[in-house]
There are 2 protein chains.
Amino acid sequence: MNELEEFIKDYWGLSGDDLARIGSYFKQTALKKNEFFLKPGKICNTLSIQRSGIIRIYISDNEQEITQWISVRGGFVSDLSGLIFDQPSRYYIQALTDAECYTISHEDYVRISHVIPQWHQLEKLFIARCFLFMEERIFSLLSMSTEQRYAWLFNHNPALFNEVPLQYLASMMGMTPETLSRIRKKNALR
Amino acid sequence: MNELEEFIKDYWGLSGDDLARIGSYFKQTALKKNEFFLKPGKICNTLSIQRSGIIRIYISDNEQEITQWISVRGGFVSDLSGLIFDQPSRYYIQALTDAECYTISHEDYVRISHVIPQWHQLEKLFIARCFLFMEERIFSLLSMSTEQRYAWLFNHNPALFNEVPLQYLASMMGMTPETLSRIRKKNALR
DNA sequence: GTAAGTTCTTGATTTTTATCAAGCGGCAGA
DNA sequence: TCTGCCGCTTGATAAAAATCAAGAACTTAC
């Protein structure tokens, strides 16, 4: 099983011949540092699984930029509103470093359902997992202090802190870079 | 088309014979005021569409209660982690008033997919809509002040403010009841 | 290797929101 | 009708986090 097939297996729980069959639809693509994968107003018609690099999903909202998510190796890069509902996106998706992806077009994505009979069901399960993750994130934003949110992200995704500019992580957690810096200092002293 | 079939049509975009076919799986159920639909640790094995009353979904977390959502007429009451993944819930789901629902059991829910071939696809679309709504909610929590969040909820769901105790709405928006009260006062003066 | 530009940190201050505490008002039950 | 309770409001104060501003540390480019 190659790298791509590992990713597909992890995401959708497929196995055997299906892996190679689906894998063949994905093409290797690359983004240069600062290049955009998607901009607001565009309809996202690709889905990428990230091999390397750092990709930031953010919204620009009167003067301030809100980082919705940071994707690293293994991340799932797309915009569901485009991919599934053919709606224009609100998001910027931009490479913070050079990045490599396995990418499938919307047409091929739709084609999978003709090849793999249970595909819609697997998609459902995958999207439901995403939904539950969002539910957790909302809970963390509703109930936790900035320090607790830091601890939460650190536990859920420690790798981010090695690789990603802290200002973006701060935005993603709903705090300013200064606040994050002070929290980190406090934690380092312990 | 009866009331239940209207709901089913709105949720999943079905029509014609399918509506009656799926509708027949739902049974009318009722909750008394303060009765629990679900408690933490239980696996949710029903899905309800709400006809009347107010139902609160919340998490109890060392001394404080966090209201995740308030459901009114037309609301979708379930816990996906139980319904789809057979996992125990983190949530309390409780009727704040007497409430009536159309309810389907997990077994019948699964059975639908044998009756309606495209069922998994419709479920996928429905869950994807839920996901996108959560994405918006996260954006509102990350980027907006308490006043803006109030305005946001008021625009998305004005009905809630007529029917639901304000303390729960405050929690749902990530603020204290006192803060919500002050915001409302300020808005009323304009 | 140095200059220029970022990004991160630190401190001082202001703003926002939570907390604490008291009082008001409507509603349910005796 | 009265009483007690619950939910909402209001005010005073405290805590948390944002903002503003400056400087340090790290990158990148030449």
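When reading the values below, keep in mind they use all heavy atoms of this one structure, side chains included, and skip hydrogens, waters and symmetry mates. Proteins get letters first, then strands, A, B, ... in listed order; numbering begins at 1 in each.
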Checklist entry - At under 4.0 Å, does any side-chain N or O of A/Thr179 touch on OP1 or OP2 of D/dA17? => result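 So the side chain of A/Thr179 is outside the cut-off, no N or O lying under 4.0 Å from OP1 or OP2 of D/dA17.
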Checklist entry - Taking OP1 and OP2 of D/dA18, is either one under 4.0 Å from a side-chain nitrogen or oxygen of A/Thr176? => result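 It does, given that an N or O in the side chain of A/Thr176 lies less than 4.0 Å from OP1 or OP2 of D/dA18.
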Round to the nearest Å and state the distance from [X] atom [atom1] to [N] atom [atom2].
X: B/Asn34; N: C/dA28; atom1: CG; atom2: C1'; result: 14 Å
X: B/Leu166; N: D/dC6; atom1: CG; atom2: C1'; result: 13 Å
X: B/Phe161; N: D/dC8; atom1: CZ; atom2: C1'; result: 15 Å
X: B/Leu141; N: C/dT17; atom1: CG; atom2: P; result: 13 Å
X: A/Leu180; N: C/dT10; atom1: CG; atom2: P; result: 12 Å
X: B/Glu147; N: C/dT15; atom1: CD; atom2: P; result: 15 Å
X: B/Glu178; N: C/dC24; atom1: CD; atom2: C1'; result: 15 Å
X: A/Met175; N: C/dT15; atom1: CE; atom2: P; result: 23 Å

Checklist entry - Only one of A/Tyr91, A/Phe133, A/Tyr58 clears ring-ring contact (aromatic ring centres under 6.0 Å, His included) with A/Trp69; which? => result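 Only match with A/Trp69 under ring-ring contact (aromatic ring centres under 6.0 Å, His included): A/Phe133.
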Item to check | Check: B/Leu141 and A/Ile138 side chains under 4.5 Å, non-hydrogen atoms | outcome: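 In contact.
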Checklist entry - So A/Phe76 and A/Phe126, would you call those rings parallel, tilted or perpendicular, with 30° and 60° as cut-offs? => result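 It falls in the tilted class, 30° to 60°.
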Item to check | Parallel, tilted or perpendicular: ring planes of B/Phe26 versus B/Trp12, cut at 30 and 60 degrees | outcome: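 Plane angle between 30° and 60°, so tilted.
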Checklist entry - For A/Pro177, which contact category applies under a 4.0 Å heavy-atom criterion: base, sugar-phosphate, or nothing? => result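 No contact.
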Next on the checklist: Using the side-chain heavy atoms of B/Thr146, tell me which of these nucleotides is nearest: C/dT17, C/dT10, D/dT10.
Outcome noted: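 Selected nucleotide: C/dT17.
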Item to check | Selected nucleotide, minimal atom distance to A/Lys185 side chain, candidates C/dG11, D/dT28, C/dC20 | outcome: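 Per side-chain heavy atoms of A/Lys185, the pick is C/dG11.
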Next on the checklist: When you measure only distances, ignoring hydrogens and angles, does the side chain of A/Arg182 come within 3.5 Å of the base of D/dT19 through a donor and an acceptor?
Outcome noted: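 Flag set: donor-acceptor pair detected.
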Checklist entry - What about B/Gln167: does its side chain form a donor-acceptor pair under 3.5 Å with the base of D/dC6? => result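 Side chain to base: no pair present.
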Next on the checklist: Under a 4.0 Å threshold between the charged nitrogen and the carboxylate oxygen, would A/Arg90 count as salt-bridged to B/Glu135?
Outcome noted: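 Salt bridge: no.
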